[in-house]
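All values reported here derive from a predicted model rather than from experimental measurement. Naming convention: chains lettered A, B, ... in sequence-line order (proteins, then strands); numbering from 1 in each chain.
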There are 2 protein chains.
Amino acid sequence: MVFSKTCEYGIRAVIFIAQKSENGAKIGIKEIAAGIDSPVHFIAKILQDLSKRGLVQSTKGPNGGFYIDKVAQKRTLADVVRAIDGENIFIGCGLGLKNCSETKPCPLHSEFKLIRSEIQKTLSSATIGDFNESLNLGLSFIKER
Amino acid sequence: MVFSKTCEYGIRAVIFIAQKSENGAKIGIKEIAAGIDSPVHFIAKILQDLSKRGLVQSTKGPNGGFYIDKVAQKRTLADVVRAIDGENIFIGCGLGLKNCSETKPCPLHSEFKLIRSEIQKTLSSATIGDFNESLNLGLSFIKER
DNA sequence: TTAAATAAAGATTTAAAACTCTTTTATTTG
DNA sequence: CAAATAAAAGAGTTTTAAATCTTTATTTAA
Ligand code: FES
Ligand code: FES
């Protein structure tokens, strides 16, 4: 809905890695793909990108994989979304006008502002570190079966 | 962001027709396309679909065009969105899980529920009739220039 | 009753998103 | 150092969304 499929996978992968890498463990790409139920190479691409931006970390070679360092733990899901889908969801007009503005508002401008700020609040108050396993306790799910 | 481009055009077209057809006038497809700044044939397709579903009305021939009857005036933007983009925005999981449910919630389930209900509230409380010109008074815009 | 106007329908093209496959590079370990 | 492992990079394919073009059907009015 709100996010591209790429972005949904990205968020789920980040959450998955955060859950699993709590104690410094590294998670291989295949395990991640299985864990969030996504195509292996597709999520690999996404993580490469997030890795360049420092939102996840990775090392190659045996026992390599993805993890999340102290710094990245403090980043938020808003950063992840911004990295993948860009700013539009945070600032774009709901009716697709090029510029959302107070001076030339669309008929739903004030309503969309509320919606966007709700989205913004949700995503920017959720740090990546919030999703580690000990906080999660198996109460939530990032794949179906 | 939240809607497909098709849906954005659709909403804008419906609002435009509602604004212009207040006194029973009919609006031609070219005028609509110009008025909302969209490709003529593309919005034509969208309106054909909305027309079949009774969300707008149309007549062919000279002086023909699109308009909105009494019944359609009472329909809401939620109906328009549902017709074009389907239900997903109202019920779908923000992280793309097949089924959003309380029993198997994603990590952001309760937050997404708030977002969705905000969207739902906005769209279902805006009737098509709300957008006629006399209410609008040139205070809002559905195209840039 | 014919010509013009207009939407409807259908077919096609283009562009973007989603997904896959292959090769390369870095790292570890024996 | 060689072999194995794992991510990075790049190229390619498929699918879906967006946009365009052409033809047909309906309505009006001269
Ligand atoms: S102008 Fe449309 S949301 Fe601000
Ligand atoms: S399960 Fe994700 S929003 Fe409900």
In residues 32-41 of chain B, what donor-acceptor pairs under 3.5 Å come from side-chain atoms, sequence neighbours left out?
residue : atom : partner : partner atom : Å
B:D37   : OD1  : B:R145  : NH2          : 3.4
B:D37   : OD2  : B:R145  : NH2          : 2.8

Check: Tell me, which of residues 78-86 of chain B have any heavy atom that sits under 4.0 Å from an atom in DNA chain D?
Finding: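 Result for residues 78-86 of chain B: none.
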Margin query: Short of 4.0 Å, heavy atom to strand atom, which residues of residues 52-59 of chain A count as contacting DNA chain D?
Written below: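 Those residues whose heavy atoms fall under 4.0 Å from DNA chain D, taken from residues 52-59 of chain A in numerical order, are A:K52, A:S58, A:T59.
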Margin query: Among residues at least two apart in sequence or on other chains, which ones pass ring-ring contact (aromatic ring centres under 6.0 Å, His included) with B:Y9?
Written below: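 ring-ring contact (aromatic ring centres under 6.0 Å, His included) list for B:Y9, sorted by chain: B:F42.
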Margin query: For B:S51, give me all partners under side chain to side chain contact (heavy atoms under 4.5 Å, CB included), at least two apart in sequence or on another chain.
Written below: B:V56, B:S58
Notebook entry, point to check: In chain order, what residues pass the side chain to side chain contact (heavy atoms under 4.5 Å, CB included) check against A:Q120, with sequence neighbours excluded?
Noted result: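 Per chain and number, A:Q120 pairs via side chain to side chain contact (heavy atoms under 4.5 Å, CB included) with A:R82, A:F90, A:S124.
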Checklist line | Under the salt bridge (charged side-chain N to carboxylate O under 4.0 Å, His left out) test, residues paired with A:K60 that sit two or more places apart | finding: none
Return the polar atom pairs (N/O with N/O) between nucleotides 1-4 of chain D and the protein under 3.5 Å, or none.
none

Margin query: Filter on ring pair (Phe, Tyr, Trp, His ring centres under 6.0 Å), then keep only pairs touching residues 44-84 of chain B, sequence neighbours left out; what's left?
Written below: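 The answer is none; no pair qualifies.
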Next item on the list: With a 4.0 Å heavy-atom cut-off, tell me which residues in residues 38-51 of chain A come close to DNA chain C, sorted by residue number.
Entry: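 Those residues are A:P39, A:H41, A:F42.
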Next item on the list: Could you check which residues of residues 24-31 of chain B get a heavy atom under 4.0 Å from DNA chain C? Sort them by number, please.
Entry: B:I27, B:G28, B:I29
Notebook entry, point to check: Counting side-chain heavy atoms from C-beta on, which of C:dT29, C:dT25, D:dA18 comes nearest to A:N63?
Noted result: C:dT29
Next item on the list: Examine C:dA18: is either OP1 or OP2 under 4.0 Å from a nitrogen or oxygen in the side chain of A:T6? Give yes or no.
Entry: yes
Notebook entry, point to check: Would you say a side-chain N or O of A:K5 is under 4.0 Å from OP1 or OP2 of D:dT16?
Noted result: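 Answer is no, no contact under 4.0 Å.
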Item checked: DNA chain D base-pair string [pairs: Watson-Crick or G-U under 3.5 Å; |: paired with another strand] -> ||||||||||||||||||||||||||||||
